[in-house]
Amino acid sequence: MDASRAAFPTAQRLLRFIKAARQHDKGPIHHMASFYRRACREVAGPWHDEMHAPGIRNPRQRQPISPLGEMVRTYMPHLIGDSLVPVVEPSGLGDRGAAIMLQYRLRQWADDANYAMQDQRSVFDALIAVGVQYVFRNIGGQAVSIENSTLDMGQPGVVRVSIENMAVDPSAEDWDTASGIGHWAAVDRQSLLENGIGNPEDIKRIPNIWENLEETKGKDRKEGRGTEDQYLDDKILVWELCFTHRGRRFCCSLPPVDGAEFFVVEPYELIDEPEGSRYVVTGLNCLPNSLTPVSPAMVMMDAHLAKAATVSKLVQQIEDLERKYVIKPGAQDMAMRLQERGGETTIAGDPASIAEFIRGGMVKELLEGLAFLENVGKMVGPNIALAGGQTDHA
């Protein structure tokens, strides 16, 4: 057995694992992240990240309907319901006071951790690809900023993690047995220094979030629009990584720099993982031996693209519709008098000398195709009309 592999993994080795998992182009995370980006654009419609000026857009880019977007907007209220309000029922007459206090604490925690918003975003992610929540307790050097607020030491926290920001063992058959799983986390550098987390010299060497890091640059930064003044605080990106070593679970924080030889937070053993993992995954229609669930968006994506393209063509044909009149030579005077508003009610001439000509308009075959796609939509994926109360349940 290779002694180097049996030894406790170094920061360099863990960073190599993360890089290999991220660049594994046949891995499920890579494909899910690509699908997630495309599906989000389709849900948002053609206005996503585009100039909100209708007059300058190409008419063929118009998308008056987004079946995928309607699915998400219809099902989100069903799955989320009302705002999260924890309720604790006493088990006996003598437990009423304790139950009320526990209920109050849970409701206060839900407000402090902004859990309702984190849960809503995770439900959206599950409809599109997979929803992931990172559950942790703020101990042992954790300094994760949640929605610009910092948890008190020892307080449990929950953050929604985008599949685009994750690294997962590509050979894992399910989420709970992944030997390594992690995600990008935005951390306030000054909070780390003030709380004595990590080596100050190492922490100061980590580039700011806006600086030129290949994997951490966001879309705006990739296009050169991001500058230091875009950020008012001193944020850095680190890897939160949970991994298994000799049957025991550990967690650490790593710098986002290839080849780094230091930890932001040294590995510590996990004893508080809920359900066996800090990463609580919500997948709809999960398959055995696969990290990739068959999400509602995956099921109906092809039907969505076909229907959206068909409707866009029909709208273009409606706008191209023109009504012309063809007249026989010598009938110009009669035609001009017919166009006059409020003119004579009796006009001399032969009506057969004028013929109406219609150019453009909706093609019959496209209308038939749209009806076919409507019926297909009722058979595949979530039935949007039924969930929205627009059709008879029978």
Review point. Around atom CZ of Arg73, are there more than 12 heavy atoms of other residues, nucleotides or ligands at under 6.0 Å?
Key: yes

Practice item. Nearest 0.5 Å please: distance from the CD atom of Gln133 over to the CZ atom of Arg121. Key: 11.5 Å

Check your understanding: Would Asn199 and Phe262 count as a side chain to side chain contact (heavy atoms under 4.5 Å, CB included) if you check the C-alpha gap in whole Å, the side-chain angles of each, and the deciding distance to 0.1 Å?
Key -> CA-CA 9 Å; Asn199 186 314; Phe262 65 92; over 6 Å; no

Practice item. Report yes if some heavy atom in the side chain of Ile206 is under 4.5 Å from a heavy atom in the side chain of Val264; otherwise report no. Key: yes

Point to revise | Step-by-step side chain to side chain contact (heavy atoms under 4.5 Å, CB included) determination, Glu240 to Val161 | key: CA-CA 11 Å; Glu240 287 289 310; Val161 177; over 6 Å; no

Revision key, fill the gap. Going by chain and number, the hydrophobic cluster around Val88 (ILVMFWY, side chain to side chain under 4.5 Å) further includes Leu102, Leu106

Point to revise | Partners meeting ring-ring contact (aromatic ring centres under 6.0 Å, His included) with Phe124 (sequence neighbours left out) | key: none

Point to revise | Test applied, side chain to side chain contact (heavy atoms under 4.5 Å, CB included); reference residue, Leu68; option that passes from Lys307, Met301, Arg41 | key: Met301

Check your understanding: Can you name the residues that form a salt bridge (charged side-chain N to carboxylate O under 4.0 Å, His left out) with Arg248, not counting sequence neighbours?
Key -> Glu269

Review point. Rounded to the nearest 0.5 Å, how far apart are OH of Tyr75 and CG of Leu284?
Key: 11.0 Å

Check your understanding: Does any N or O in the side chain of Ser290 come within less than 3.5 Å of the main-chain N or O of Leu287, such that one atom is a donor and the other an acceptor?
Key -> no

Point to revise | Exercise: identify the closest heavy-atom pair between Leu291 and Met32 | key: O-CE, 3.9 Å

Check your understanding: Closest heavy-atom contact between Pro86 and Arg107?
Key -> O-NE, 2.9 Å

Check your understanding: Is Pro256 close to Trp184 at the side-chain level, that is, under 4.5 Å between some pair of heavy atoms?
Key -> yes

Review point. What pairs with Arg38 under salt bridge (charged side-chain N to carboxylate O under 4.0 Å, His left out), at least two apart in sequence or on another chain?
Key: Glu42

Review point. For Ile128, does its backbone N or O pair with a side-chain atom of Ser295 as donor and acceptor, under 3.5 Å?
Key: yes

Practice item. Give a yes or no on this: more than 12 heavy atoms of other residues, nucleotides or ligands lie within 6.0 Å of atom CD of Glu261. Key: no

Exercise for review: With rounding to the nearest 0.5 Å, note down the distance linking CH2 in Trp175 to OG1 in Thr282.
Suggested key: 11.0 Å

Revision key, fill the gap. When rounded to the nearest 0.5 Å, the distance separating CD of Glu89 from CD1 of Ile100 is 10.0 Å

**Study point:** Pairs meeting criterion salt bridge (charged side-chain N to carboxylate O under 4.0 Å, His left out) with involvement of residues 293-306, two or more places apart
**Key:** none

Practice item. Check the pair Thr292 / His31 against side chain to side chain contact (heavy atoms under 4.5 Å, CB included), numbers first and verdict last. Key: CA-CA 9 Å; Thr292 308; His31 292 301; over 6 Å; no

Check your understanding: Nearest heavy-atom pair of Pro293 and Val130: which atoms, and what distance?
Key -> CG-CB, 4.1 Å

Check your understanding: Say you draw a straight line from OG of Ser34 to CD1 of Ile29; how long is it, rounded to the nearest 0.5 Å?
Key -> 11.0 Å

Check your understanding: Any donor and acceptor pair, going by atom type alone, linking the side chain of Asp174 with main-chain N or O of Thr177 inside 3.5 Å?
Key -> yes

Review point. Could you state the interatomic distance from CG (Leu270) to CZ (Arg249), rounded to the nearest 0.5 Å?
Key: 6.5 Å

**Study point:** Derivation of the side chain to side chain contact (heavy atoms under 4.5 Å, CB included) call for Ile181 and Phe243
**Key:** CA-CA 6 Å; Ile181 178 171; Phe243 62 94; over 6 Å; no

Check your understanding: Taking all non-hydrogen atoms of both residues, which atom of Pro9 and which atom of Arg13 are closest, and how far apart?
Key -> CB-CD, 4.0 Å

Exercise for review: Report yes if some heavy atom in the side chain of Val280 is under 4.5 Å from a heavy atom in the side chain of Val158; otherwise report no.
Suggested key: no

Check your understanding: So, do Cys252 and Tyr268 sit near enough that their side-chain heavy atoms are less than 4.5 Å apart?
Key -> no

Exercise for review: Indicate, with yes or no, if Val43 and Leu305 share a hydrophobic cluster defined by side-chain heavy-atom contacts under 4.5 Å among Ile, Leu, Val, Met, Phe, Trp and Tyr.
Suggested key: yes

Check your understanding: Shortest non-hydrogen contact from Pro255 to Leu15?
Key -> O-CD2, 3.3 Å

Check your understanding: Tell me, do Leu79 and Leu127 make a side-chain contact under 4.5 Å, heavy atoms counted?
Key -> yes

Review point. Does the side chain of Met166 reach to within under 4.5 Å of the side chain of Tyr279, using non-hydrogen atoms?
Key: yes

Practice item. Kindly indicate whether the side chain of Asn208, heavy atoms from C-beta on, has any atom under 4.5 Å from the side chain of Lys235. Key: no

Exercise for review: Over all heavy atoms of both residues, which pair between Ser122 and Val132 is shortest? Give the atoms and the distance, please.
Suggested key: OG-O, 3.9 Å

Revision key, fill the gap. Quick note, salt bridge (charged side-chain N to carboxylate O under 4.0 Å, His left out) partners involving residues 157-171, not counting sequence neighbours, are Arg37-Glu164, Asp125-Arg160

Exercise for review: State yes or no: are the ring centers of Phe8 and Phe250 separated by less than 6.0 Å?
Suggested key: yes

Review point. Is the closest side-chain heavy-atom distance between Val187 and Leu192 below 4.5 Å?
Key: yes

